[in-house]
S.K.: 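Below is a structure I'd like to ask you about.
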Amino acid sequence: MKLLKEKVMNEGIVLGEQVLKVDSFLNHQMDPMLMSEIGSEFVRRFAGEEITKILTIESSGIAPAIMTALELRVPMIFARKNKSLTLREDIFVEKVYSFTKRETNEITVSKKFLGANDRVLIIDDFLANGEAAFGLARIAEQAGASVVGIGIVIEKSFQPGAKLLQEAGYRVDSLVRIASLDNGTVTFVE
Ligand code: G4P
Ligand code: NA
Ligand code: NA
């Protein structure tokens, strides 16, 4: 995606060799025109999959997920990270470990919103180690739903998430793939 690549090149800030800060359009201030194009691009890439629900995780996955859901005219669900007050038997729960933050979060989705007839597209802003995406996929599978694929805005291809998800049989489609952040520079795959 040319516009997204330009945004990453012009506005992304490389922090160390692992982290790309994109606060000006994705993680803090958000660019709605860009998000709209991102939604259209995911719809194009997953055309024909008969998607019934978009599934993401709060907070930064919500914007690309809602734009995709809007275009498909299907609901979007975001997994919550906080402990909700709901009874445990009413929710799907999975543990997600973050290597970046060195903490485990429980993520939850109400059983009301996912079922065995759903065809789920998972969307997230970043793919690093794949823990969040795996957790979301396990939640969909707890519901008996099918995971049609995983759409990622920015994949850090030098981290293992994409490969692990593909080895597990998931289709991963990333709009921008970063080969390296070495020497303070963003190098794209290809
Ligand atoms: P993983 O799910 O792929 O294993 O990733 P990881 O645990 O490392 O990610 C933890 C958090 O850090 C996630 O956000 C993820 O989106 C974010 N993240 C990972 N790598 C980068 C990066 O290079 N740049 C930026 N800006 N974020 C990164 P989160 O804690 O779920 O927070 P939120 O932003 O969605 O609220
Ligand atoms: Na994030
Ligand atoms: Na995220």
Side-chain angles (χ1 to χ4, degrees), residues 1-46 54-72 76-81 96-105 107 121-137 149-168 170-190:
M1 243 193 104
K2 190 159 165 284
L3 178 61
L4 178 60
K5 237 177 174 170
E6 283 170 4
K7 281 276 192 184
V8 168
M9 284 191 293
N10 297 333
E11 298 181 29
I13 297 166
V14 178
L15 297 180
E17 314 226 294
Q18 302 274 313
V19 175
L20 177 71
K21 201 170 154 93
V22 286
D23 268 14
S24 70
F25 62 92
L26 186 57
N27 287 145
H28 190 22
Q29 176 172 265
M30 289 183 176
D31 179 335
M33 290 72 75
L34 175 66
M35 288 304 151
S36 174
E37 289 206 15
I38 284 171
S40 301
E41 182 64 17
F42 282 133
V43 170
R44 196 180 67 73
R45 293 192 187 200
F46 288 95
I54 303 294
L55 179 62
T56 189
I57 181 166
E58 63 178 349
S59 57
S60 301
I62 293 176
I66 194 72
M67 297 313 291
T68 310
L70 174 64
E71 188 146 332
L72 287 174
M76 182 276 281
I77 307 160
F78 63 94
R80 294 179 178 276
K81 289 173 184 162
V96 171
Y97 177 72
S98 169
F99 290 96
T100 306
K101 300 191 169 173
R102 294 200 190 86
E103 64 183 22
T104 301
N105 277 300
I107 66 168
L121 173 61
I122 292 169
I123 298 281
D124 209 356
D125 57 335
F126 268 94
L127 177 57
N129 295 288
E131 291 290 318
F134 270 114
L136 292 170
I150 298 165
I152 298 292
V153 180
I154 300 176
E155 172 189 307
K156 292 187 292 181
S157 308
F158 57 90
Q159 291 182 300
K163 184 165 177 282
L164 292 172
L165 288 162
Q166 281 156 359
E167 283 170 1
Y170 297 108
R171 174 181 168 197
V172 178
D173 216 319
S174 305
L175 303 186
V176 150
R177 299 170 70 219
I178 294 177
S180 152
L181 294 173
D182 292 354
N183 307 313
T185 306
V186 179
T187 308
F188 295 100
V189 173
E190 280 141 12

S.K.: Rounded at 0.5 Å granularity, tell me how far OG in S36 sits from CE in M67.
M.R.: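 Interatomic distance, S36 OG to M67 CE, rounded to 0.5 Å: 4.0 Å.
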S.K.: Which atoms form the tightest heavy-atom contact between I38 and P64, and what is the distance?
M.R.: CG2-CB, 4.0 Å
S.K.: Would you please name every residue forming a side chain to side chain contact (heavy atoms under 4.5 Å, CB included) with A128, sequence neighbours left out?
M.R.: K156, Q159
S.K.: What are the two closest heavy atoms between G135 and V96, and how far apart are they?
M.R.: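 Heavy atoms of G135 and V96 come nearest at CA-CG2, 4.0 Å.
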S.K.: Which value, rounded to the nearest 0.5 Å, describes the distance between T68 atom OG1 and E41 atom CD?
M.R.: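 Output value for this atom pair is 10.5 Å.
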S.K.: Is any side-chain heavy atom of R45 closer than 4.5 Å to one of R171?
M.R.: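 R171 reaches R45 side chain to side chain.
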S.K.: Drop me the distance from M35's CE to I62's CD1, to the nearest 0.5 angstrom.
M.R.: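 Atom-to-atom, M35:CE and I62:CD1 are 11.5 Å apart.
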S.K.: Does some side-chain heavy atom of L34 sit less than 4.5 Å from a side-chain heavy atom of L4?
M.R.: yes
S.K.: Do side-chain atoms of T56 reach the backbone of I123 as a donor and acceptor pair under 3.5 angstrom?
M.R.: yes
S.K.: Run the side chain to side chain contact (heavy atoms under 4.5 Å, CB included) test against A133 and tell me which residues pass, sequence neighbours left out.
M.R.: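 With sequence neighbours excluded, A133 shows a side chain to side chain contact (heavy atoms under 4.5 Å, CB included) to I150, L165, given in chain and number order.
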S.K.: May I ask you to test the I122-Y170 pair for a side-chain heavy-atom distance under 4.5 Å?
M.R.: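 Result no, sub-4.5 Å side-chain heavy-atom pair not found.
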S.K.: Assign the ring pair F99 / Y97 to parallel, tilted or perpendicular, where the plane angle (0 to 90°) is split at 30° and 60°.
M.R.: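 F99 vs Y97 ring planes: perpendicular.
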S.K.: Mind checking whether V189 and I178 have side chains closer than 4.5 Å, heavy atoms only?
M.R.: no
S.K.: Between atom OG of S40 and atom CG of L72, what is the distance when rounded to the nearest 0.5 Å?
M.R.: 9.5 Å
S.K.: Does the side chain of F188 reach to within under 4.5 Å of the side chain of M9, using non-hydrogen atoms?
M.R.: yes
S.K.: For residues 8-19, which residue pairs pass the salt bridge (charged side-chain N to carboxylate O under 4.0 Å, His left out) check, not counting sequence neighbours?
M.R.: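 Listed once each, the pairs are K7-E11.
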S.K.: Do you know the tightest heavy-atom contact between E71 and G39?
M.R.: OE1-C, 4.4 Å
S.K.: Can you tell me how far the CG atom of D125 sits from the CG atom of L175, to the nearest 0.5 Å?
M.R.: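 The CG atom of D125 sits 11.5 Å away from the CG atom of L175.
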S.K.: Going by the rule side chain to side chain contact (heavy atoms under 4.5 Å, CB included), which residues pair with V22 if we only count those two or more places apart in sequence or in a different chain?
M.R.: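 Applying side chain to side chain contact (heavy atoms under 4.5 Å, CB included) to V22 gives L20, F25, L26, N27, F126, I154.
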S.K.: Rounded to the nearest 0.5 Å, how far does NE2 of H28 lie from OG of S59?
M.R.: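 Going from OG on S59 over to NE2 on H28, the span is 11.0 Å.
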S.K.: Quick one: do V186 and L181 satisfy side-chain contact (heavy atoms from CB on, under 4.5 Å)? Show the steps, please.
M.R.: CA-CA 5 Å; V186 179; L181 294 173; 3.9 Å; yes
S.K.: Can you name the side chain to side chain contact (heavy atoms under 4.5 Å, CB included) partners of E167, sequence neighbours left out?
M.R.: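 E167: side chain to side chain contact (heavy atoms under 4.5 Å, CB included) contacts with K163, L164.
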S.K.: If you look only at pairs with a residue in residues 175-184, which of them pass as a salt bridge (charged side-chain N to carboxylate O under 4.0 Å, His left out), with sequence neighbours excluded?
M.R.: E155-R177
S.K.: Can you name the closest pair of heavy atoms from V14 and G184 and give their distance?
M.R.: CG2-O, 3.6 Å
S.K.: Within the distance-only criterion (no hydrogens, no angle test), does the side chain of T100 pair as donor or acceptor with the backbone N or O of S98 below 3.5 angstrom?
M.R.: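 Checked: no pair found.
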S.K.: Please name the pair of heavy atoms, one in A168 and one in F134, separated by the smallest distance, quoted to 0.1 Å.
M.R.: CB-CE2, 3.8 Å
